[in-house]
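Comments concern the structure below.
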There are 2 protein chains.
Amino acid sequence: MPERGRPRSFDRTAALRRAMEVFWAKGYEGASLSDLTTAMGINSPSLYAAFSSKEALFLEATDLYTRVEGADIWTTLEQAPTARLAIEGFLTRTAKAYSQTDRPQGCLIALGALHQDSSQGPICHDLRRRRAENHMALKRRLERAVAEGELPADFDIQTAATFFSTVQHGMSIQARDGATHAALMATVAGAMAAWATMAGDPA
Amino acid sequence: MPERGRPRSFDRTAALRRAMEVFWAKGYEGASLSDLTTAMGINSPSLYAAFSSKEALFLEATDLYTRVEGADIWTTLEQAPTARLAIEGFLTRTAKAYSQTDRPQGCLIALGALHQDSSQGPICHDLRRRRAENHMALKRRLERAVAEGELPADFDIQTAATFFSTVQHGMSIQARDGATHAALMATVAGAMAAWATMAGDPA
DNA sequence: TCCTTTTTGTAGTGATTGATACATAAATAT
DNA sequence: ATATTTATGTATCAATCACTACAAAAAGGA
């Protein structure tokens, strides 16, 4: 039991959530230590004692984001009864999540660190790994649908997974531009129009 | 004729192009004055004398980008004989441009300044305006196709323009993740599958 | 009651940020 | 030739960056 020493005077998880929101809104580079400590309500020595460094804090923040904000979208993908409903639910929930006005628009994983400087370190590597994981989750769901006979054996899983994953990334930028929920749903409608052709559906 | 005083010892346009490449690779925030002056081969007083500020330099750089790098994509959109070929050419040229290995991947306009800090100033406003202009160009091309009878009168232009524009934005992130030309073309194939449904084509 | 352990707030660290002061250099104008 | 105008290189500016040294505070263990 590490119950020795002066107890921490703030809620570590609550502070982490605040940090996540700052990174989400401003990106890794754009979030200064000053921004972070202000939002978290602590001084920098407390931040470093609890989270080690800005980099480690960001990695913890993306993990929290994946677990809290991303869970709904990805469980929908896996639990929907058909692949079509899985993809449609995945995109529909994305549209809803990305257009919430009580939090930053778009996705932390997609937008958090896209440029060269932040790319070289572990930050961009971590985000890329998470994006690749999402792509794999799409592939797995489509593979399952082929295995279950819902989709034809010659269904191009790789193309479809890449396409839907890219559409979701695009929706992050669209959301950052202030797109309404309705505008994001227009993109979903477009993507589902592709499904009809890919799967050979009449509608 | 402003031929008075000591002549400038560097090529202003060449230096601007170098600055554009730095902003393209690192984003507005990520590009430091030191990065810029090094790439441009000049000292900071020369940069400020010729371009006024980092902000003004960025605005000039995005203008150059639009004229030089974007021209090919957007003339294709307008000059293709049918709307289908216009959209397909637009996306195909995007895939090619975004995956070139001799320059930064993805689009400066889409990726240059997505976060809050840079958003509030004129930088993000300028990029948003340019992205909105691209969306309008897509709409105009589709409107023309409806007017010419190529597309049915009830074709949902707004939805289609938003969709294809969002796909292009997603391709920027995909390209930043190191996607090959073939991977980007998979996204194009997906988007064109949507066209088939939208326009009621058999293929 | 001490001693140890950990956190806290204050006040800084050197490095880097975007942007300039200033003297010198190099051109035209008179 | 002298004056005027503009550009250049050196050497900075104050502000902010991520990060920490240090001593006081607050807990448990002896």
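Keep in mind that this is a model prediction, so the values were computed, not measured. Only this structure's heavy atoms are used, side chains among them; waters, hydrogens and symmetry mates stay out.
One atom, CD1 of I123(B), and another, C1' of dG18(C), lie 13 Å apart when rounded to the nearest Å. Between L36(B) atom CG and dT17(C) atom P the separation is 10 Å, expressed in whole Å. Protein atom NZ of K54(B) is 13 Å distant from nucleotide atom C1' of dT16(D), rounded to whole Å. Look at CZ on R12(B): it is 15 Å from C1' on dT6(D), rounded to the nearest Å. Separating the CG atom of L33(B) from the P atom of dC17(D) is a distance of 16 Å, rounded to the nearest angstrom. Atoms CE (M40(A)) and P (dA18(D)) sit 13 Å apart, rounded to a whole Å. The CZ-P distance, from R6(B) to dC22(C), rounds to 19 Å in whole Å. Taking atom CG of residue L47(B) and atom P of nucleotide dT6(D), one finds them 19 Å apart after rounding to whole Å.
Within the structure, every side-chain polar atom (N or O) of S9(B) is placed at least 4.0 Å from both OP1 and OP2 of dA7(D). Between dC19(D) and Y48(A), a contact under 4.0 Å exists linking OP1 or OP2 to a side-chain N or O. For dT8(C), the OP1/OP2 oxygens have a side-chain nitrogen or oxygen of S46(A) closer than 4.0 Å. For dT4(D), neither phosphate oxygen OP1 nor OP2 lies less than 4.0 angstrom from any side-chain nitrogen or oxygen of R4(B). Contact check, N43(A) against dG9(C): a side-chain N or O comes under 4.0 Å of OP1 or OP2.
Ring-plane geometry between F163(B) and F163(A) is classed as perpendicular, the angle between the planes exceeding 60 degrees on a 0 to 90 degree scale with a lower cut at 30. Ring orientation note: the planes of Y28(B) and F58(B) are nearly perpendicular, at an angle over 60° on the 30°/60° scale. Between W24(B) and Y65(B), the ring planes lie perpendicular to each other; the angle is over 60°, past the 30° to 60° tilted range.
Taking only distance into account, the side chain of S32(A) never meets the base of dT16(D) through a donor-acceptor pair shorter than 3.5 Å. A donor-acceptor contact under 3.5 Å links the side chain of S44(B) to the base of dT20(C).
Heavy atoms of P7(A) sit under 4.0 angstrom from primed sugar atoms or phosphate atoms, though from no base atom. Residue F10(B) is classed as a sugar-phosphate contact, given heavy-atom separations below 4.0 Å to backbone atoms only.
Using modelled atom types and a 3.5 Å distance limit, the side chains of H115(B) and R176(A) yield a donor-acceptor pair.
Here dT8(C) is the nucleotide among dT8(C), dC17(D), dA19(C) with the atom lying nearest to any side-chain atom of P45(A). Side chain of R8(B), nearest nucleotide from dC17(D), dC19(D), dT8(D): dT8(D).
Salt bridge annotation for R144(A)-E150(A): absent, with no cationic side-chain nitrogen under 4.0 angstrom from a carboxylate oxygen.
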